[in-house]
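Notes to accompany the following structure.
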Amino acid sequence: GGSSSSTAASTPASTPAGSTASSEAAGGAGTDYKIAVVPKMTNIAWFQRMEEGVDAYNEETGSDIFYGGSAEGADQASYVESLLAEDWDAICVVPFDVEAIGPVLQKAKDQGIVVITHEAATIDAACRDYDIEAFQNADYGANFMEQLGTLTGGEGKYIQFVGALTSVSHNEWCDAAVALQEEKFPNMECLGRYETGDDTTVAYNQTKELLTANPDITAIQGSASTDVVGAAQAVDELGLTGKVQIVGTSMTSIARQYVESGTIASFSVWDPAEAGKAMIEMAIATLDGTVEDGMSLNAEGYQDLAEVTDGVFYGNARVDVTKENLDDYDF
Amino acid sequence: MADEVFLKLKGIKKSFGGVHALNGVDLEIRRGEIHCLAGENGCGKSTLIKAISGVHRVDEGEIWIEGKLCNKMNPIDAINKGIQVIYQDFAVFPNLTVAENIALNGEVKNKTKLVNWKEIHRVAAEAMAQVGAEIDPDVKLEQLSVANKQMVAICRAIINDAKFLILDEPTTALTAREVEKLWTVVRALKEKGIAVMIVNHKLDEIYQIADRLTILRNGAYVSSGPIHEYDQARFTRDMTGRDISQEKYLPKASEEEIFRVENLSLPGAFKDVSFSVHKGDVLGLTGLLGSGRGEIGEALFGIEPAQSGHIYLNGQEITIKNVADAIHNKIGYVPEDRLTEGLFMDRSILDNTIATSIRKYFHGIKLDKAAMEEATDRWIREIGVVTPSSKPAVRTLSGGNAQKVVISKWLNTDPKLFILNGPTVGVDVGAKSEIHAILRELAQKGIGIIVISDDLPELLQNCNKIVVMRDGRVAAVVDNSIEQKELSDLLMGRAE
Amino acid sequence: MNKLKTKSLLTSTQMILLYVIVAFCLVVGIRQPAFFSPATVITICRAGIFTMCFALCEMVVLISGGIDVSFPAIGCVAMYVPMYIINRVTPIDSALFAFGLAILIGLLFGLLNGFLVSILRLPPLIATLATSSIASGGVVTLLGTREFTTLPDSLQAIYNTNIITYTAPGTGFTYLLNVLFLVPVLACLGVAWMLRYTMLGRGLYAIGGDKNAARVAGFNVRRLQFFAYTFSGVLTGATAMMYTVLMHSSTTSALMGDEMIVIAACVIGGVRITGGHGGVLGVVLGVVLITLVQNNLNMLGIPTSWQTFVVGLIILLGTIITSWQAKRSSHGKA
Amino acid sequence: MKTTKTTPAVPALKKKGLKPDTHITVLLSMMAFVLLLMAVLKPGSYFTISNLRSMIFQFPEYGVLSFGMMICMIAGGIDLSLVGIMNLSGVAAALIITNMGGTNASIVLGCAVALVVGAICGALNGFIIASLSIPAMLVTLCSLQLYTGLALAITGGPAINNMPDAFKNIANGSIGPIPYVLFIFIAVALGMAFIMNCTVFGNEIYFLGSNARAARYSGINTLRVTVMTHMLSGILGGISGILITSHLNSAKSSNGSTYTLLTLLIIVLGGVHPDGGKGKVMGVTLSVLLLQLIANAFTIMRAPDTFKTFVNGCLLVAALILDVVLEKRAAKKAAKS
Ligand SMILES: Nc1ncnc2c1ncn2[C@@H]1O[C@H](COP(=O)(O)OP(=O)(O)OP(=O)(O)O)[C@@H](O)[C@H]1O
Ligand SMILES: Nc1ncnc2c1ncn2[C@@H]1O[C@H](COP(=O)(O)OP(=O)(O)OP(=O)(O)O)[C@@H](O)[C@H]1O
Ligand SMILES: [Mg+2]
Ligand SMILES: [Mg+2]
């Protein structure tokens, strides 16, 4: 909708109520803005970590930020829809489906609510005020291939797992990885992209099947946090630790064992807790009208934010976790 | 021995909600006697049986078994006291084998934990030998005929030291030959000193088998005594509380042909069947089990259509390939199994009455509810369905009234030909004669009536023309001046 | 007669299933010769463990004339709560505790199902749907959702115990078959024996065939229904903990959605959804077929995005064939 | 063979037509209870125009789907594939609309195709169910996977997005303060009420669900009615597909995955009998509204979403138990009078 872009422009000049609130916030008693943080879904560990971040933020600053969402990602849009019954100052959303949430967010903006998104660089700019990304998806995906290429010496076949073929970011990572491989490791060959449904068992069974049929696989790239774990278990059981390299996104809490045993060479992650904080900070900055290029948020990995295009800020929040720094990222 | 009382009931009362199903019933069963329990539909026979067998707890009254007061029995207690019931639906397990069906109850009774298959087969073989049944013990019950299912139920009943066997309307699904076989088995049981109680409506069958008779009406005891004390008139009077005429149906002969079939054939069921129905005719179609008489009805109604032959209705040839064809040609069909094929038990009388003719009431864009109600009320009046209104679910009606609803359903379609398969099966004498009167009246009006039945007295009394089927072919076409014995011989193929 | 019997044997549900399985294997094997290897057998055995156990649960309930769609939720609770306690409350390093608690939880929810179906006489589909919501909604509300992936040593020890270790000659890959594979094997034997040789088993068939007939025959219908659902709950609890052990994973959603495949395996194996029919052998074959299909579509070269469709198509065809088969067999009158 | 004579079933409710439907009364009082509770707990935020609007935007999608589930269950079956049909027809519509450049004509065509796809999917279900007499539950369980798989295969994975504004407006726009979808829902509800009460087809559905054999012997073409019932259910799935695609601006195979359970809960709560033959459009409509009231109450009370799942489960059991109790009581009362 064209009408809402004007709203987007006018939002930073916040309501009078907003500005009094912000002065109080500056007084150290936390923010009085009414802000909601909505995760993709509540029933996975990743977003429980984000909740920890929001809780920590509330504790540190004495504010009362609301954190809540639908159990299933598919219901996120209607959850946000029902939130709109209240008059929020800002809503921070990690969209489950960027397109699906768009119209609802637009309604929020029409009501004068500030909308901050995360993991949603592709979302229609009209649907939100700002988007914060932990990193550039292309860089993130290329990093996996960089590691795999180095570990395998640029030889052999590799497979890619995605949580769902419908997942945008997973596919972007994979695309970037393939692009880098074609350019830098021409001797490697991508066997295909397979869906795991965020299910360890599926990743495990698929890995076994694919390895049995293609013994020349040397590398596996995972996207959903369970992918590398399922793959690692299969590789481990088949006695291929060290022969098949595994990298991907995961979390220490679920991948620790295989990182320690070396089956997973390393995994990358960004801390959802910090992302949660960053969104809240960004929302406050927007309400206060202090958003600017190169700004720093009070969240690790989100300093020196450069606005790339049309309200998308990229942080540098990716951490590569290996055996050595495993304990530093214990979530 | 013969005089020793096995079971004595005194003033049994039982009500469901507000329905007084039993309202003071006395009954005495002696060892080794065959006792018949008769009464109109809904008079409480089945309820009485369930009270005796411990399925229902009685509200008032006393149940004495072998001199002991046993008011609080459950089914197991009753079985342990030697009471065995063969329900109308036999209560067999369709998914288990014959042997298991026969022997399993005994195992339950004995509280066995493990199953001894050898023992099960032995018990089953023994029981089948006792009643002279020959059924493959390893076949599943769902593959058996009705008669064989009943045999299995009887085998099962007698192995458990039965002292008293109750059969609830055992002959409704059987044809003459099978009924004879059943009586042989029952007499054999009697010889062993087992008391047998049979629920039955057919007086001729009662004469064949019963020693004594008890009649109920409206849940209350009416009379009881040796069978020879009852003639037809007293029987019907005690059952219905009024007298019913027994005159035969003799319409004026008419040249006007309504319906004719020529060389109708369905491989495996019937072959080269030809007959015709004239105005005023009530045509009877009879035969033994497997003679194909039921299949003809189903073929004419398009359920299992005939493969060759010609059908003429009012002089025009018609083809019937499915039920829609039949209905389009204004053929009505009252199926054999009213409960599962004829009625929507949980729906109202109105819904049932207009089920087939509902299209008639679709005017413009919507159904004309008022017309539907009017039609239903008219049929309730004309046919004489006993009900306060057209609203109650059919489930609440007695068998005879329910059958009248099925008939109304078809009459409401203005049929030209009306086929009734076993129209009075399980219907008591009172309602039966009312249904017969309705059929005669319809025939007079020029509707072709075909009654498929194995109730020979019924056929002889109500049909002016009877087609006898044997082995899928028409064996004879007779009129109702013939004697019952003669007709029965024709049926069995003994006459020629 | 004898000829007839062999003929019906050759066209029985089990035999047809066997033909389909053989045909499927041939097709996969032709496309991918690596398929014909002992490794495949081990892989299928390993992959089918959970489906087999759940299918046994479902089969017992289906035979009794019910249906259980709550086992995935019950399983999730049963695997989650013990691991939650071990990881967050007190580190009890005992396999007995983990399995015991999982089974206890399964038992409790099984009893709830039994109560709803046999005492309150609610329709089984609806009752177990409700139980499913109560179980998964309740546990997540109370305990949140985490993913536990580290096993206590006692459970890890079970994971490390294998009954078969096969090294493929060509590739040198090792294929392991965990000791927990014995659980479905023993459960199959046990259930098959129970169904055939105990009054309990025959009672299940009896109530599945005709509840009223069973009642008047003196079977305790309620107790039998209770048994079916509690048996399902108990085995579900145990299987869920096996899942945690074998997959190093305990979450509140790991098993959700499995009911579809499990019911399909039962039905393809000749268990009738209307109750009273079916047996262990058929279900084993049904599970084998489904596991084969699920785990070999990549080998067959089916594109990932078409795999859901293909699995659906095969299940639908399997269901149609077995239903048609069942109809044919009950039609032959004697 | 299972005649009802040996069944000591729950005593049939006599003179049912004369009393106000107990189920509707229960639903209404539950709604009153929720409203009252919210009036005490959160009057400020619950009884607002924006809350009302937010509710109206949500329920039509699954409300329409519930009617599909309702007719299948009344006909004695069930349609577990509805969500699959919804997504497949949504994908079909989206494909056409995006490929034809989002013109108004393409939107009309897309919507028409969605309905046709829904009808075809439903008809296939119905045909397999009736011609091979396989339980509906089984057939639709399998076809859910089939339709979902087909939607996935067509899109290749990623969702189809970038719907034109006019299309997005169907589910997101409003006339004044009233969302369009409310009118769509009301139209569907009225249409369903008309079909079920005032047409031959509606009556045939009830007959089929009460006793399929008797329906056949009464001259009802059971094959045709089953196919048509499922086809109608599929068309409703298609409408839902349009609504959800428009609402979410995205068509894919995995939308609305929680709706199957939700619609089952709705219709059972709404008084549709799981064995078929019984159920009213009015009851289902009230039930849709009730669940939406409860869902929003939960959000406003900041209760976790999972708690809602828990409560829904309890509600389902409670509704069924209450039903049994009330019917028994009513039967007793009828007996006494
Ligand atoms: N479980 C029940 N609940 C309510 N009413 C019942 C129940 N069982 C029987 N009745 C009613 O009790 C009365 C007697 O029924 P019963 O079945 O004993 O009659 P019957 O003599 O066996 O009739 P039929 O010849 O049709 O078999 C009927 O009015 C019937 O509607
Ligand atoms: N040869 C047979 N073997 C097994 N069952 C049979 C056989 N013939 C008939 N039956 C079954 O017996 C019942 C009645 O049989 P059928 O319809 O053939 O006889 P009928 O002469 O038409 O008599 P009726 O009208 O009393 O049924 C049906 O349920 C039928 O399936
Ligand atoms: Mg009776
Ligand atoms: Mg017949």
Side-chain angles (χ1 to χ4, degrees), chain B residues 49-50 53-55 74-80 83-98 100-117 120 134-149 152-153 156-157 160 168 290, chain C residues 1-2 4-6 8-9 12-13 59 62-65 190 192-224 227 270-279 282 325-334:
Chain B
I49 291 173
K50 285 181 191 155
S53 64
V55 175
N74 60 31
I76 302 256
D77 297 336
I79 291 170
N80 284 335
I83 298 175
Q84 286 286 340
V85 183
I86 296 172
Y87 293 94
Q88 267 170 297
D89 63 357
F90 312 140
V92 287
F93 302 105
N95 56 329
L96 302 183
T97 62
V98 169
E100 262 190 289
N101 265 287
I102 294 176
L104 210 54
N105 288 19
E107 307 267 305
V108 177
K109 191 183 126 193
N110 298 337
K111 299 213 160 82
T112 342
K113 292 270 176 282
L114 299 183
V115 181
N116 181 345
W117 286 94
I120 282 193
E134 281 178 17
I135 309 169
D136 182 351
D138 291 321
V139 159
K140 287 193 176 164
L141 255 272
E142 64 187 1
Q143 298 180 320
L144 292 190
S145 66
V146 181
N148 278 341
K149 278 182 190 155
V152 170
R156 179 177 66 185
N160 295 314
D168 194 356
Chain C
M1 195 71 198
N2 238 341
L4 250 167
K5 275 197 176 157
T6 28
S8 72
L9 212 66
S12 66
T13 310
M59 179 189 74
L62 283 175
I63 286 178
S64 78
W193 177 80
M194 188 263 293
L195 287 178
R196 176 110 186 114
Y197 292 107
T198 67
M199 282 307 283
L200 186 66
R202 300 322 287 173
L204 290 173
Y205 280 102
I207 62 169
D210 188 335
K211 252 186 219 79
N212 273 312
R215 206 166 45 86
V216 297
F219 282 105
N220 190 332
V221 177
R222 286 186 177 182
R223 202 157 62 201
L224 285 165
F227 172 80
V271 181
R272 282 192 218 162
I273 211 152
T274 43
H277 290 267
Q325 176 78 12
K327 213 162 69 175
R328 228 183 35 169
S329 79
S330 69
H331 259 23
K333 300 248 171 184

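So that the names make sense, note that chain A is the first sequence line, chain B the second, and so on, each numbered from 1. Please read these numbers as outputs of a predicted model, since none were measured by experiment.
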- Inspect the surroundings of CZ in C:R223 and state if more than 12 heavy atoms from other residues, nucleotides or ligands are less than 6.0 Å away.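 Counting neighbours around CZ of C:R223, 12 or fewer heavy atoms of other residues, nucleotides or ligands fall under 6.0 Å, so no.
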- Roughly how far, to the nearest 0.5 Å, is CZ of C:R215 from CD1 of B:I76?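 Going from CD1 on B:I76 over to CZ on C:R215, the span is 12.0 Å.
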- Mind checking the NE2-CG spacing from C:H277 to B:N95? Nearest 0.5 Å is all I need.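 Taking NE2 in C:H277 and CG in B:N95, the distance rounds to 4.5 Å.
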- Could you tell me which portion of B:K140 (side chain, backbone, both or neither) has an atom closer than 4.5 angstrom to a non-hydrogen atom of chain C?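 For B:K140, side-chain heavy atoms alone lie under 4.5 Å from chain C.
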- Query: Does any heavy atom of chain C fall under 4.5 Å from the side chain of B:V108, the backbone, both, or neither of them?
  - Reply: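 Answer is both: backbone and side chain atoms of B:V108 are under 4.5 Å from chain C.
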- Message: Which residues pass the salt bridge (Lys or Arg N to Asp or Glu O under 4.0 Å) test with C:R202, not counting sequence neighbours?
- Response: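 Scan of C:R202 (salt bridge (Lys or Arg N to Asp or Glu O under 4.0 Å), adjacent residues dropped) gives B:E100.
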- Query: Which heavy-atom pair separates B:F93 from C:A217 by the least distance, and what is that distance?
  - Reply: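 Here B:F93 and C:A217 meet closest at CZ-CB, 4.2 Å.
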- Correct closest heavy-atom pair for C:A213 and B:A91 would be CB-O, 3.2 Å
- Can you list the residues that meet the side chain to side chain contact (heavy atoms under 4.5 Å, CB included) rule with B:I79, with sequence neighbours excluded? B:Q84, B:K109
- chain C interface, residue from B:N101, B:V115, B:N105 that has the most non-hydrogen pairs under 4.5 Å: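 Most pairs with chain C among the choices: B:V115.
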- Message: Do B:L114 and C:Y197 make a side-chain contact, defined as non-hydrogen atoms from C-beta onward lying under 4.5 Å apart?
- Response: no
- Message: Are B:K113 and C:L200 packed together at the side-chain level, in the sense that at least one heavy-atom pair is separated by less than 4.5 angstrom?
- Response: no
